[in-house]
*Asks:* 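Once you've had a glance at the structure underneath, I'll fire off some questions.
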Amino acid sequence: MRALCWNGINDLRVETVGDPGIVNPHDVVLKVTMSTTCGSDLHFIDGYIPTMRAGDVIGHEFMGEVVDVGRDVKKVKKGDRVVVPSFICCGSCWYCQHDLYSLCDNTNPKAELQEPVFGYPTAGIYGYTHAFGGYAGAHAQYVRVPHADTDCFQVPEGLRDEQVIFLSDAVPTGYMGADFCNIHPGDTVAVWGCGGVGLMAQKSAFLLGAQRVIGIDRFPERLKMAREQVGAETLNYEEVDSVLEVLKELTGGRGPDACIDAVGMEAHGTGVEYAYDRAKQALHLHSDRGDALRQAILACRKGGTLSILGVYGVMDKFPIGVILNKGLTVRTAQQHGQKYLPRLLEHVTKGELDPSFLATHRLPLEDAPRGYELFKKKQDGCVRAVFLPN
Amino acid sequence: MADKPLESSTPSSRSARGAQPPSGGSAEWEWHDIETTERHASAEVRRTYDLDDGRRMKQLASAMLGGALLSLGLKSRSLGGLAVALAGGGLIYQGALGRTLARRVPGIEGFRSLRTLGRRRSVEAGAGTGRAVLERSITIQKPGHELYRAWRVAENLSKVMGHFAEVTTVGPDLQHWKVRGPLGRSFEWDSHIVEEHPGEFLRWESMPGAELPNEGQVRFRPAPADWGTVVTLRLRFSPPGGALGDAAMKLLGQVPTALAHTALRRFKSLVETGEIATTRPNPAAREGGYSY
């Protein structure tokens, strides 16, 4: 089959690789109908996350049609049209049973690579480094999905692929970030980042009852989406002297009740701290640029909630003292998608949520390297490129 | 999973060599009790140890893991990579110093003496030979009696150990082990169950005359709240003395560590999910279209 492979830093190529098959009894094989780029892919494409191997098939946000079914799969049937969260979860361990799916104990076959860094291994991810299991990714014609009964979600009739594809990762990640904020009527939620996850966090904050949502970014087309598609107020951090001061003024001097970081380790910013972070990162002295996160910590009201969705490595200069003195509640996780998928599919079916506007670029799989280029450099107003592998 | 009906919960001990177990269970059996464990370990610590063989093995294991991480980290040319490389370097450093991961394992719940145990090297009176002890615990979301039964199913043990050993059942309580060591070397031995307390404890030993004498035991204790069961696997390898023993441990490489760490994790996956996570084979643009 054809698949998008990582061959080194900033070296993506579509190549011919072996077809996946049923390996374990709870596996299914999907014919991928649509897959999409994710900002977290950029971290290993740019070389900030280790344990990739040349030739790895990448991609973790996808949907497709079931074409082969393992002998112990009970619910999922051949021909089913399904969407699959990016974390592989067994459904049986203590973590899965407590809705903490991305912490699954049983799906990382290379746990020994991750354990020295995290202390305890997390769940595996499709196409996302060997520390996260080394599973082949989904920017491919076919993909093997383990634990299908836990991880495959039937797509209701009448929905287009574009409406559903982002339920694989961007929507549940954003929704979880808003859920972490324990939103009360009258609350204001500020969201750093107006990419796929940030926009979905903003939309979810409204769905969960926020009165006001403020989206922060620097790309006019993304800020426009936040205003027009989500109904958020927006703030271009390049156009103001101090994000903190503006947020203060917008909230009567109190600050947002909750702040969501939907940016991650390759944050852009302005000013001295950004220059410091960028220089250190360029020299590979640390893996994270933490501008957005530091700003969110500072801007959050006293006793508020800081919800971190951006993917970070091991950051230094982390202002824990500010969090302490302000009594912030910090909530963070990789997406527990399996917890949220049923209610998200319901929102989409009822027309309360339509993430399809994120799909700014539709490309055949053969053009995937160009899709990542458009996505990474935010060219041509690209928010998400979606690929059609078949 | 059901191999045979759950036996009486009354502890029953046996030995294929006909030795009678001490009344009320062996000393090893008693260390399921925390206080007993503490006393047991402290008593051992007060003895004089011959550290050589066990220490070398752990140094080697540390250095090998360290080397793997270091090369992995350096290959990636990044800071995350640097972190991994540093971690790897640290392990090599530890390996060089003779410190080991096992010694640094923090106290595991209800087992305050683990750090002491990590240092334990028991000495057979008059034998003058070091023994390597490895111990590792994992918490599994199943009741102890179910796990015990699963452990006793030969087919399961073969699957769990399958990444480095072939385990076949050759008699009611007799297993044949073939372990693949580094450098194409393999070790074989027969082991037999010498003590069992259904649902709670199992101990086995290699038969007399084994090239690499060893023994193992597995304990199943209830975990707090709804966590299930804590499973503790303990292995001792007692290489024959002198240069031969030293060479044997070097040849065995990471096997004891893999057995203790990876085997427990694989056992957990098998009993919790009915399968063991794997990426073999996995589509990739290398090695003929698949990677393993």
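All of these numbers come straight from a predicted model, not from anything done at the bench. Just so we're on the same page: letters track the sequence lines, and every chain starts at 1.
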*Asks:* Pick one of side chain, backbone, both or neither for B/Arg266, based on which atoms fall under 4.5 Å of a heavy atom in chain A.
*Replies:*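 Neither part.
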
*Asks:* When heavy-atom pairs shorter than 4.5 Å are enumerated against chain B, which of A/Ala54, A/Cys5, A/Gly124 gives the highest number?
*Replies:*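 Among A/Ala54, A/Cys5, A/Gly124, the one with the most close pairs to chain B is A/Ala54.
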
*Asks:* Is it the side chain or the backbone of A/Met1 that comes within 4.5 Å of chain B heavy atoms, both, or neither?
*Replies:*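 For A/Met1, the contact with chain B is made by the side chain alone.
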
*Asks:* Give the table of side-chain donor-acceptor pairs shorter than 3.5 Å for residues 87-96 of chain A, with sequence neighbours excluded, one pair per line with atom names and distance.
*Replies:*
{"from": "A/Ser92", "atom 1": "OG", "to": "B/Glu272", "atom 2": "O", "distance (Å)": "3.2"}
{"from": "A/Trp94", "atom 1": "NE1", "to": "B/Asp226", "atom 2": "OD1", "distance (Å)": "2.9"}

*Asks:* Decide yes or no for A/His26 and B/Glu275: does some side-chain heavy atom of the first lie under 4.5 Å from some side-chain heavy atom of the second?
*Replies:*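 A side-chain contact under 4.5 Å exists here.
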
*Asks:* Would B/Arg286 and A/Asp56 pass as an ion pair if we require N to O under 4.0 Å?
*Replies:*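 Salt bridge flag = yes for A/Asp56 with B/Arg286.
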
*Asks:* Do B/Tyr290 side-chain atoms and A/Pro20 backbone N/O form a donor-acceptor pair below 3.5 Å?
*Replies:*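 Side chain of B/Tyr290 to backbone of A/Pro20: no pair is present.
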
*Asks:* Report, as yes or no, whether the 6.0 Å neighbourhood of atom CD on A/Gln97 holds more than 12 heavy atoms from other residues, nucleotides or ligands.
*Replies:*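 Yes, CD of A/Gln97 has more than 12 neighbouring heavy atoms, counting only those of other groups under 6.0 Å.
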
*Asks:* Taking all non-hydrogen atoms of both residues, which atom of B/Ile276 and which atom of A/Asn24 are closest, and how far apart?
*Replies:*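 Taking every non-hydrogen atom into account, O-ND2, 2.8 Å.
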
*Asks:* CG of A/Asp105 to NZ of B/Lys268: how many Å apart, nearest 0.5 Å?
*Replies:*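 Separation between the atoms: 3.5 Å.
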
*Asks:* OG1 of B/Thr279 to NZ of A/Lys110: how many Å apart, nearest 0.5 Å?
*Replies:*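 Answer rounded to 0.5 Å: 4.0 Å.
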
*Asks:* Of all the heavy-atom pairs spanning B/Ala284 and A/Val17, show the shortest one and how long it is.
*Replies:*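 In terms of heavy atoms, the two residues are closest at C-CG1, 3.5 Å.
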
*Asks:* With chain B as the partner, which of A/Arg13, A/His147, A/His98 has the greatest number of non-hydrogen pairs under 4.5 Å?
*Replies:*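 Of A/Arg13, A/His147, A/His98, A/His147 has the most heavy-atom pairs under 4.5 Å with chain B.
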
*Asks:* Does atom NZ of A/Lys376 have more than 12 heavy-atom neighbours from other groups under 6.0 Å away?
*Replies:*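 Above 12, so yes.
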
*Asks:* For A/His43, which atoms come within 4.5 Å of any heavy atom of chain B: side chain, backbone, both, or neither?
*Replies:*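 Looking at A/His43, nothing touches chain B.
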
*Asks:* For B/Ile138, which atoms come within 4.5 Å of any heavy atom of chain A: side chain, backbone, both, or neither?
*Replies:*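 Contact with chain A: none, neither part.
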
*Asks:* Flag the one option from B/Ser291, B/Gly289, B/Pro281 with the top tally of heavy-atom pairs under 4.5 Å to chain A.
*Replies:*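 Highest number of heavy-atom pairs under 4.5 Å: B/Gly289.
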
*Asks:* If every non-hydrogen atom of B/Pro283 is compared with every non-hydrogen atom of A/Gly18, which pair is closest and at what distance?
*Replies:*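 Here B/Pro283 and A/Gly18 meet closest at CB-O, 3.2 Å.
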
*Asks:* Salt-bridge test for A/Glu115 and B/Arg136: reply yes if a basic N is under 4.0 Å from a carboxylate O, no otherwise.
*Replies:*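 Yes, charged N to carboxylate O under 4.0 Å.
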
*Asks:* Indicate yes or no for a side-chain donor-acceptor contact from B/Asn282 to the backbone of A/Gly134 under 3.5 Å, with no hydrogens or angles considered.
*Replies:*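 Yes.
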
*Asks:* To the nearest 0.5 Å, what is the distance between CD (A/Glu112) and OG1 (B/Thr262)?
*Replies:*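 A/Glu112 CD to B/Thr262 OG1: 6.0 Å, rounded to 0.5 Å.
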
